[in-house]
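Worksheet: the structure to be examined is printed underneath.
What you are looking at is a predicted structure, and each value in this text was computed from that prediction instead of being measured.
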Amino acid sequence: MSLDAFKPKSEFLRVMQERGYIHQISDAEALDRVLTGGVVTAYVGYDCTANSLHIGHLISIMMLRWFQRAGHRPVTLMGGGTTKVGDPTDKDQQRPLLTDQVINANLASIKGTFSRFLRFGEGPADAVMVNNADWLEKLGYVEFLREFGVHFTINRMLTFDSVKLRLEREQPLSFLEFNYMLMQATDFLELGRRYGCTLQMGGSDQWGNIINGVELNRRMDSRQAFALTTPLLTTASGEKMGKSVGGAVWLNADRLSPYDYWQMWRNTEDADVGRFLKLFTELPLDEIARLAALGGAEINEAKKVLANEATTMLHGADAARAAAEAARAAFEEGRLSDDLPTYEIPRRVFEAGVALAAVAHEAGLASSRSEARRLAQGGGLRVNDAPETDGQRLLTAADLSADGVVKLAAGRKKIVLVRAI
RNA sequence: GGGGGAAUGUCCCGAGUGGCAAAGGGGGCGGACUGUAAAUCCGCUGGCUGCGGCCUUCGUAGGUUCGAGUCCUACUUCCCCCA
């Protein structure tokens with residue numbers, strides 16, 4: 001099964017292959033035939049453990065987008081039901097169980113992201129969003145066991161990585177979590193029955209879970225279904241991708257500002273530029289090849305294109321332009337811009353004087369006051385561009401500009417405007 | 001059922017004669033060098049602080065001791081050997 005020699009005829013698989021989205025396909029030739037034969041329905045599942053998706057989800061969202069562009073129907077499956085159980089894949093221990101309220105709030109908060117990438121509606125290739133709580137919660141335990149449990153052997157389940165790794169790492173795997181893969185498999189079956197869905201996509205870690213669904217479709221409904229997974233996204237230096245100022249790269253603007261999102265892309269390593277342009281923008285391949293070939297400092301132009309394109313897709317052209325301009329002003333001219341992250345403090349606090357470390361902490365430049373003091377001592381904290389090694393130093397009205405703003409920076413790239421109100 | 005081991009800084013791996021805020025890595029953050037890159041070198045990496053200190057950490061709960069990550073008891077989870 002050499003995918004390298006595989007020459008897909010379908011538009012969708014051709015794009016997937018050219019742009020580097022494919023890690024494994026269960027039966028590439030057969031899937032290719034189905035895709036050239038008419039409209040196909042495919043789904044990706046998303047759990048609701050947080051109130052925002054993050055960059056790790058973006059690659060699969062882009063796949064659904066290309067899928068729709070090729071004339072097919074994407075389904076986004078929200079794991080309202082499966083999140084109650086928790087996917088043990090890649091986790092050393094069970095996560096705290098989430099309540100219905102939290103799960104539903106998360107689900108609502110995530111929904112908006114998809115509408116930026118996919119066209120939803122009633123047409124044949126319009127995207128559909130479903131929640132697996134709709135069918136999973138109706139199932140009774142004995143019914144579940146009799147209907148689906150008979151199709152799974154413990155012997156086989158123990159061979160899947162999600163289970164095997166936990167056992168090998170000497171970590172407990174609860175019976176609750178052990179059921180997760182059955183639930184995901186029944187999702188695939190249910191979507192096959194409801195929407196004629198025959199393809200499930202996801203990250204490479206989902207391969208085992210997806211294959212279970214493929215087999216369940218065959219055993220129970222004699223439906224031929226397919227699995228397609230993407231490679232794990234890492235940077236050229238081997239890091240797992242998904243870091244930005246202070247943590248995960250969230251897709252919701254209230255968790256990571258468009259400016260910081262833009263910055264994350266702008267700081268891509270040279271060696272990743274071409275790969276990321278292919279995965280996270282829709283620029284033509286020849287244009288990407290040209291950009292990725294830029295040498296030396298010129299490749300910074302390619303990084304800006306990447307940041308502009310990716311930010312536009314998620315947050316819109318206006319937000320992307322504002323982010324690009326704020327970054328240009330801050331880094332290329334040393335000017336301030338209103339689009340830089342801002343933190344507000346009552347003016348009278350400045351008049352009384354506040355410890356620099358306290359402000360730096362509250363404005364998000366350090367995770368504690370102690371850390372802010374250490375940052376200052378190490379020479380990484382700047383007030384209005386002047387290094388300040390004493391975290392105890394008081395900020396006063398004298399530090400404010402005419403506009404009532406003081407610029408704080410942690411390192412070269414983290415800048416916050418503290419505004420007196 | 002019996003016997004022997006293991007759990008450490010809430011990111012990970014890991015050392016730890018009863019005096020320990022606890023060695024060393026990795027990761028992360030900051031500095032230098034650059035191109036807002038990589039590589040390299042250097043520093044920091046529990047919280048609060050009036051900088052004199054105070055508080056909270058070594059699977060969980062008790063106990064011994066002036067003092068416990070270190071000793072004792074019970075419990076939880078995992079590994080190995082015997083049945």
Side-chain angles (χ1 to χ4, degrees), chain A residues 90-96 163-175 177 234-249 259-277 291-308 311 323-335 337 340-341 352-358 360-362 364-383 385-394 408-416:
Chain A
D90 292 333
K91 295 178 186 61
D92 275 352
Q93 49 189 287
Q94 178 149 14
R95 295 294 178 83
V163 172
K164 201 170 63 179
L165 290 175
R166 188 78 73 88
L167 297 180
E168 280 172 1
R169 299 200 66 172
E170 305 174 9
Q171 299 294 331
L173 175 73
S174 70
F175 185 69
E177 297 170 282
T234 54
T235 66
S237 13
E239 301 294 321
K240 197 187 277 182
M241 191 179 169
K243 282 283 171 191
S244 76
V245 275
V249 180
Y259 168 80
D260 285 324
Y261 189 73
W262 192 94
Q263 279 292 310
M264 189 276 300
W265 291 110
R266 172 64 183 81
N267 286 302
T268 296
E269 295 177 26
D270 288 8
D272 288 325
V273 170
R275 194 158 52 95
F276 288 179
L277 281 167
L291 289 168
L294 293 173
E298 286 191 346
I299 198 156
N300 286 329
E301 291 311 310
K303 294 182 188 181
K304 289 178 192 171
V305 172
L306 172 62
N308 287 147
T311 306
E325 176 52 28
R328 198 184 64 76
F331 289 101
E332 295 178 20
E333 298 176 8
R335 260 191 318 112
S337 156
L340 288 169
V354 241
L356 171 59
H361 165 53
E362 280 163 41
L365 292 176
S367 61
S368 69
R369 293 182 183 195
S370 299
E371 188 181 301
R373 286 188 201 100
R374 282 194 295 266
L375 184 68
Q377 265 171 21
L381 192 57
R382 279 169 295 133
V383 178
D385 297 318
E388 176 56 68
T389 53
D390 178 16
Q392 288 307 107
R393 193 211 132 174
L394 294 181
L408 296 188
R412 288 262 98 77
K413 296 177 191 171
K414 277 183 279 182
I415 303 170
V416 173

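The separation of B:rG30 from B:rG16, taken at their P atoms, amounts to 34 Å, rounded to a whole angstrom. With P as the reference atom, B:rG28 and B:rC12 are 15 Å apart, rounded to whole Å. The P atoms of B:rC13 and B:rG19 are separated by 26 Å, rounded to the nearest whole Å. Taking atom C1' on both nucleotides, B:rC11 is separated from B:rC79 by 24 Å, rounded to a whole Å. Rounded to whole Å, the separation between the P atoms of B:rC72 and B:rA21 comes to 22 Å. Using atom C1' as the reference point in both B:rC66 and B:rG14, the two lie 32 Å apart (nearest Å). Comparing B:rU56 with B:rC71, their C1' atoms sit 23 Å apart, to the nearest whole Å. The same atom, C1', is picked in B:rA61 and in B:rG53; the two are 32 Å apart, to the nearest Å.
The side chain of A:R374 lies closest to B:rU45, out of B:rU36, B:rU45, B:rG30. Closest approach to the A:K414 side chain among B:rC29, B:rG35, B:rA37 is made by B:rC29 (side chain taken as heavy atoms from C-beta onward). Of the candidate nucleotides B:rG35, B:rA37, B:rU36, B:rU36 has the atom nearest to the side chain of A:A327.
In this structure, B:rG1 forms a base pair with B:rC82, meeting either the Watson-Crick or the G-U wobble geometry with both donor-acceptor distances under 3.5 Å. For B:rU34, there is no paired base (Watson-Crick or G-U wobble, both distances below 3.5 Å). Nucleotide B:rU60 is matched to B:rA74 when pairs are restricted to Watson-Crick or G-U wobble geometry with both distances under 3.5 angstrom. Pairing of B:rG69, defined by two Watson-Crick or G-U wobble distances under 3.5 Å, is not identified with any nucleotide. With a cut-off of 3.5 Å on both Watson-Crick or G-U wobble distances, the partner of B:rC29 is given as B:rG43. B:rG52 is unpaired under the Watson-Crick or G-U wobble criterion, no partner having all donor-acceptor distances under 3.5 Å.
Applying the 4.0 Å criterion to OP1 and OP2 of B:rA37, one finds that A:K413 has a side-chain N or O inside that range. Contact check, A:R373 against B:rU49: a side-chain N or O comes under 4.0 Å of OP1 or OP2. Look at A:R412 and you won't find any side-chain N or O under 4.0 angstrom from OP1 or OP2 of B:rC33. Residue A:S368 places at least one side-chain N or O closer than 4.0 Å to OP1 or OP2 of B:rC48.
In this entry the distance linking CD of A:Q392 with C1' of B:rG52 reads 14 Å, nearest Å. B:rU36 atom C1' lies 16 Å from atom CD of A:E325, rounded to whole Å. Residue A:H361 contributes atom NE2, which lies 14 Å from atom C1' of B:rU49 at whole-angstrom precision. Atom CG in A:D390 sits about 13 Å away from atom C1' in B:rU49, given to the nearest Å. Protein atom CD1 of A:I415 is 16 Å distant from nucleotide atom P of B:rC29, rounded to whole Å. The distance between atom CZ of A:R393 and atom P of B:rG50, rounded to the nearest whole Å, is 16 Å. The distance from atom CH2 of A:W262 to atom P of B:rU36 is 11 Å, rounded to the nearest whole Å. Atom CZ in A:F331 sits about 9 Å away from atom P in B:rU36, given to the nearest Å.
Nearest-nucleotide mapping onto RNA chain B: of A:R266 and A:R369, the residue sitting toward the 5' end is A:R266. Positionally, the nearest nucleotide of RNA chain B for A:G296 lies more toward the 5' end than for the other of A:S370 and A:G296.
For A:A302, the side chain to side chain contact (heavy atoms under 4.5 Å, CB included) partners are A:V273, A:L291, A:L294, A:I299, not counting sequence neighbours.
The closest donor-acceptor contact from the side chain of A:T311 to the backbone of A:N308 lies at 3.5 Å or more, if one exists at all. Side-chain atoms of A:R373 do not come within 3.5 Å of backbone N or O of A:A357 as any donor-acceptor pair. When atom types are taken as modelled, the side chain of A:N267 and the backbone of A:Q263 share a donor-acceptor pair closer than 3.5 angstrom. In terms of modelled atom types and a separation under 3.5 Å, the side chain of A:E388 and the main chain of A:D390 share a donor-acceptor contact. In terms of modelled atom types and a separation under 3.5 Å, the side chain of A:K414 and the main chain of A:A409 share no donor-acceptor contact.
Across all strands shown, A:L381 has no heavy atoms under 4.0 Å from either base or sugar-phosphate atoms. Residue A:Q377 is classed as having no contact, given no heavy-atom separation below 4.0 Å to the nucleic acid.
Against the 90° criterion about 0, the sugar-base torsion of B:rC20 places it in the syn range.
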field: Pair A:E269-A:R275, salt bridge (charged side-chain N to carboxylate O under 4.0 Å, His left out): steps then yes or no
entry: CA-CA 11 Å; A:E269 295 177 26; A:R275 194 158 52 95; over 6 Å; no
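Distance check: A:L375 CG to A:S368 OG gives 10.5 Å after rounding to the nearest 0.5 Å.
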